[in-house]
Amino acid sequence: MLLAPGELRTEPLFADDAEGACAGGRRLTLDERMSRVWEGLRAAGTAECPLCGGRLELLGEVGRCGSCGTTVS
Ligand SMILES: [Zn+2]
């Protein structure tokens, strides 16, 4: 992706994702990250939170992070 610096006008609401995309580096997409989270949740009942790196635990139908409170479903 080639962008002149002057064209980068939007606020980096999701700085990590935006930087990864613009730098052209190979990063996991959100879908891939969520797939890995669910693999862990199904296999072990816990997984690493994709947002904060904390511990997600399977609660019924969703995974919930004990550190930042994010839920994944
Ligand atoms: Zn978290």
Side-chain angles (χ1 to χ4, degrees):
M1 188 181 296
L2 295 174
L3 288 175
E7 293 176 321
L8 298 174
R9 303 173 70 91
T10 54
E11 289 293 320
L13 294 177
F14 302 97
D16 279 353
D17 288 343
E19 286 173 11
C22 290
R26 177 70 180 115
R27 282 193 165 207
L28 293 179
T29 67
L30 185 57
D31 276 354
E32 287 168 333
R33 274 187 276 176
M34 297 316 272
S35 292
R36 292 196 176 196
V37 165
W38 277 107
E39 281 174 17
L41 286 174
R42 290 198 189 97
T46 64
E48 184 177 300
C49 175
L51 293 183
C52 75
R55 186 170 135 117
L56 282 168
E57 293 189 19
L58 189 61
L59 291 177
E61 298 286 307
V62 303
R64 183 172 173 81
C65 176
S67 296
C68 71
T70 292
T71 57
V72 298
S73 57

Nearest heavy-atom contact between E32 and R27 is OE1-O, 4.2 Å

Minimum heavy-atom distance between M34 and V72, given as atom pair plus value: CE-CG1, 3.1 Å

Without placing hydrogens or testing angles, list every side-chain donor-acceptor pair under 3.5 Å for residues 49-61, not counting sequence neighbours.
residue	atom	partner	partner atom	Å
R55	NE	E57	OE2	3.2
R55	NH2	E57	OE2	3.3

At their closest point, which heavy atom of V62 faces which heavy atom of S73, and how far apart are they? CG1-CB, 3.7 Å

